[in-house]
Number of protein chains: 2
Amino acid sequence: MQTKTIDSVAGKKRVILPRAVRRQQLILATMRCISKVGLSSVTMAQVTKEAGLSRGIANLHFERKENLLIETLRFVTDEYNRGQADILNAANFSSASEQLAALVQFQFSRSVTEATKMAVWFAFYGEATSRPTYQKICADSDARAARSVRALFTQLGAMQQAAVNVGAVTDGYIALIDGLWLNLLLAPKKMTRAKAKRVAWTFLEGVFPSIKA
Amino acid sequence: MQTKTIDSVAGKKRVILPRAVRRQQLILATMRCISKVGLSSVTMAQVTKEAGLSRGIANLHFERKENLLIETLRFVTDEYNRGQADILNAANFSSASEQLAALVQFQFSRSVTEATKMAVWFAFYGEATSRPTYQKICADSDARAARSVRALFTQLGAMQQAAVNVGAVTDGYIALIDGLWLNLLLAPKKMTRAKAKRVAWTFLEGVFPSIKA
DNA sequence: GCCGAGAATGAACCCACGTTCATTCTCGGC
DNA sequence: GCCGAGAATGAACGTGGGTTCATTCTCGGC
């Protein structure tokens, strides 16, 4: 009478998996929960249920709830940083403008601007002021992201007729993207990915006229 | 042996004040607490202690904690909107550029960018995804702010040589300001009010060359 | 001066949630 | 096939925190 199912839907059989797999399962479940109920009311019971696992497993793999949350934040920032680095450290672009286009494309890709992920980002941003650990993770991630954007902008600036204040432009671009993400999250009916991309692009064309071609 | 002090520092005497005063006291205390410990770990005990009042008073004036939080959010958004409206609806500016200058000045004024207030803003933004009530208050506030900025930009656009896409520029400007505020909050060591103002101004000069004078 | 309305207090209550841990189960090595 | 390591479970525990409410206090009207 034992139903054979790949994922053991109704099965009572206990499944044992490596630590890394369980940790990721829990982190992903945490993200879904945060976007559903908010960082301030996520409970361990919800997360473990969402992950389809037992109550005590989170403590087994993360010790404390706070650790799970921190790892969730790290997961999201790392993923973004890896994606951005893949583009900005790549050597196989034929021009800086093409690299820039890839960057914008990436920043407003479905994967990055997915509601679940952005909800998590901003939930932690909102708590960062009062939690040194979150603060540090966010600051480090932002700094890393900013550095590589600045490098690209330096290249692009050198190609322009008029002199460009790379520092100010980088700060402005990063703020613009953050603000667009926020809008995308808070008013998805009013701001769309396509619209946001166009706005970003308008900013860039204003600063680096040569990319207009 | 009874020391007469205006604020009855050590006095045991019970003070009775009008509802509106108590409500504001509690709201201000809530803001300080949120910026200190974060929205997700604010407790009624902390807030009432911070306000120098008794445990039960919050429930007396707000019924539930949730109401106090909502009123706190409303307090912050209303204050901002009133300040912005004072500038953008004023008839006593000699030119649109002057009005624009006043807007930027206001948006990066100490009063608006004060750490306490911005922490509150972003704390609620972070929870807005999962709380329809916060979501609505934020969206309404943003929409109102955007409308009046768009009106000013329409005026400014009409003065330029080349045609300006007012919609995209408004969206961009608002996103830029939000992003700069976020930076100001998360990395106050790296981003300063003056720097932020300069970045905003650079954006505006790019879009509306005529204001450069 | 007295009284009623309602503002203010804080001890007590109760529940939700994080954490613990005794027990059960799985798997690989021998 | 047996055994030990450790992964997984979920009932039970303790506590922190929101809410209630009986009581006390203040003030304005008469």
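Because only heavy atoms are used, hydrogens play no part in the values below, and waters and symmetry mates are left out as well, while side chains stay in. Proteins come first, then strands; the chains are lettered A, B, ... in the order of their sequence lines, and each starts at number 1.
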Could you work out, with ring-ring contact (aromatic ring centres under 6.0 Å, His included) as the rule, every residue matching [X], not counting sequence neighbours?
X        : answer
B:Phe106 : B:Tyr80
B:Tyr125 : B:Trp121, B:Phe122
B:Phe208 : B:Phe153

I need the residues from residues 16-26 of chain A with at least one non-hydrogen atom less than 4.0 Å from DNA chain D; give them sorted by number, or say none.
A:Ile16, A:Leu17, A:Arg22

State whether a side-chain donor-acceptor pair under 3.5 Å links B:Arg193 with B:Thr113.
yes

Can A:Lys197 and A:Gln105 be counted as having a side-chain donor-acceptor contact under 3.5 angstrom?
yes

Can you say whether a donor on the side chain of B:Arg14 sits under 3.5 Å from an acceptor on the base of D:dT24, or the other way round?
yes

Quick one: closest heavy-atom pair of [X] and [Y], and the distance?
X        : Y        : result
B:Leu185 : B:Ala115 : CD1-O, 4.2 Å
A:Met118 : A:Leu184 : CE-CB, 3.8 Å
B:Arg150 : B:Gly167 : NH1-CA, 3.8 Å

Canonical and wobble pairing (Watson-Crick, G-U, under 3.5 Å) of DNA chain C, dot-bracket with |:
||||||||||||||||||||||||||||||

Which pairs of donor and acceptor atoms, one on a side chain in residues 97-104 of chain B, lie under 3.5 Å apart (sequence neighbours left out)?
| unit_1 | atom_1 | unit_2 | atom_2 | d |
| --- | --- | --- | --- | --- |
| B:Glu98 | OE1 | B:Ser94 | OG | 3.3 |
| B:Glu98 | OE2 | B:Ser94 | OG | 2.7 |
| B:Gln99 | NE2 | B:Ile87 | O | 3.1 |
| B:Gln99 | NE2 | B:Leu88 | O | 3.3 |

Any donor-acceptor pair under 3.5 Å from B:Lys65 side chain to B:Val42 backbone:
yes

Does B:Asn81 use its side chain to pair, donor to acceptor, with the backbone of B:Thr77 at less than 3.5 Å?
yes

Is it true that atom CZ of A:Arg110 has more than 12 heavy atoms of other residues, nucleotides or ligands lying nearer than 6.0 Å?
no

Considering only nitrogen or oxygen atoms on both sides, find all protein atoms under 3.5 Å from nucleotides 28-30 of chain C and state each distance.
none

For DNA chain C, which residues of residues 35-58 of chain A approach it to below 4.0 angstrom with any heavy atom?
A:Val42, A:Thr43, A:Met44, A:Arg55

Listed in order of residue number, which residues of residues 60-71 of chain A have a non-hydrogen atom at under 4.0 Å from DNA chain C?
A:Arg64, A:Lys65

How many whole angstroms separate atom CG of B:Asn59 from atom P of D:dA22?
15 Å

What pairs meet the salt bridge (charged side-chain N to carboxylate O under 4.0 Å, His left out) rule with one or both residues in residues 130-148 of chain A, with sequence neighbours excluded?
A:Glu66-A:Arg131, A:Glu127-A:Arg131, A:Lys136-A:Asp140

Taken in chain and number order and not counting sequence neighbours, the residues that satisfy side-chain hydrogen bond (donor to acceptor under 3.5 Å, both in side chains) with B:Gln135 are none

So, using salt bridge (Lys or Arg N to Asp or Glu O under 4.0 Å) as the criterion, who are the partners of B:Glu79 when residues are at least two apart?
B:Lys117

